[in-house]
Amino acid sequence: MQCEICGAEIRDKPSKVMIEGSELDACPRCAQYGTSTNKRKPVSRKIAPVAQQPSAKKSRPRPARPDPLADIKEELVEDYNNIIRDSREKLNWTQEELALKIKEKESLIKKIERGDIVPEDSVLKKIERALDVTLTERVGEDDWSGDNFSRGTTLGDIVKIKRK
Ligand SMILES: [Zn+2]
């Protein structure tokens, strides 16, 4: 076939080139003057800016909100055993009667009144209800740290109370 531009015989494959809007078969020599149709337009490779979103901030574990009630403890009053005995005697109840009222053993009442053991909360509540007394006092944590100590309460006292 012939070169459509210069008319020269093309032995190999003609190069398709664009010359002024026309696609022509051209010899290798002429081909360099035209625009190869095989040439692909360079694809614009705009790199879309990848929005580097700062990864969602990991929410920090919130410090547990202090429970206002957490600071308040119910402490068994120091002379709970005397209060129990006095209240019981005022009602003219024997230890056995009190034990029956709260469905506990008489021996338990004896130990509690002697201060040998600290009654469990459940027992304590039953005694409080039965005798209509209050054996605990609400104590704020803060009270332990400062003033109470200077007012005469020592750590030893507190330990003693708890050990009774
Ligand atoms: Zn040619």
Side-chain angles (χ1 to χ4, degrees), residues 1-81 83-84 102-105 108 111-112 115-164:
M1 84 185 297
Q2 289 181 325
C3 172
E4 290 182 282
I5 296 167
C6 67
E9 186 74 21
I10 301 169
R11 288 182 187 164
D12 299 326
K13 275 185 179 176
S15 298
K16 296 233 180 232
V17 293
M18 290 289 281
I19 302 291
E20 291 174 347
S22 310
E23 190 178 87
L24 305 170
D25 290 323
C27 65
R29 195 154 44 98
C30 295
Q32 60 187 310
Y33 300 113
T35 306
S36 169
T37 57
N38 294 328
K39 220 182 199 175
R40 305 183 88 191
K41 274 188 182 174
V43 177
S44 83
R45 303 187 67 182
K46 262 189 191 170
I47 295 168
V50 176
Q52 279 280 354
Q53 298 268 7
S55 55
K57 277 181 187 173
K58 279 181 184 173
S59 54
R60 287 183 195 168
R62 274 192 208 166
R65 197 174 179 181
D67 181 350
L69 291 176
D71 286 344
I72 298 174
K73 283 185 177 174
E74 288 207 332
E75 292 284 339
L76 193 58
V77 294
E78 197 172 357
D79 55 347
Y80 68 93
N81 53 324
I83 294 172
I84 292 171
I102 65 169
K103 296 188 171 70
E104 295 290 344
K105 286 178 183 168
L108 180 70
K111 284 177 192 166
I112 291 171
D116 285 350
I117 61 164
V118 175
E120 293 171 30
D121 281 355
S122 59
V123 175
L124 206 58
K125 294 295 171 195
K126 285 192 284 186
I127 294 173
E128 285 183 324
R129 275 201 298 273
L131 298 175
D132 191 26
V133 292
T134 303
L135 301 170
T136 56
E137 56 189 359
R138 295 204 140 202
V139 180
E141 280 282 300
D142 289 346
D143 292 345
W144 291 117
S145 55
D147 290 345
N148 256 16
F149 288 113
S150 54
R151 272 194 239 118
T153 305
T154 65
L155 187 59
D157 287 334
I158 296 164
V159 172
K160 221 187 295 168
I161 292 167
K162 289 184 173 170
R163 279 190 180 159
K164 267 180 184 169

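Both ligands and their constituent atoms are indexed starting at 1 by order of listing. When reading the values below, keep in mind they use all heavy atoms of this one structure, side chains included, and skip hydrogens, waters and symmetry mates.
Residues meeting the side chain to side chain contact (heavy atoms under 4.5 Å, CB included) test with E128, sequence neighbours left out: K125, T134, L135, T136. Residues meeting the side chain to side chain contact (heavy atoms under 4.5 Å, CB included) test with E120, sequence neighbours left out: S122, V123.
The two residues I5 and A26 have their closest heavy-atom pair at CD1-CB, 3.7 Å.
We find the NZ-CG distance between K13 and D25 to be 12.0 Å, quoted to the nearest 0.5 Å.
By the neighbour-count criterion of 12 heavy atoms within 6.0 Å, atom NZ of K111 is sparsely surrounded, having that number or fewer from other residues, nucleotides or ligands.
Looking at I112 and L108, their side chains come closer than 4.5 Å, going by heavy atoms from C-beta outward.
By the criterion of a separation under 2.8 Å, the protein N/O/S atoms near the Zn ion (ligand 1) amount to C3 SG, C6 SG, C27 SG, C30 SG.
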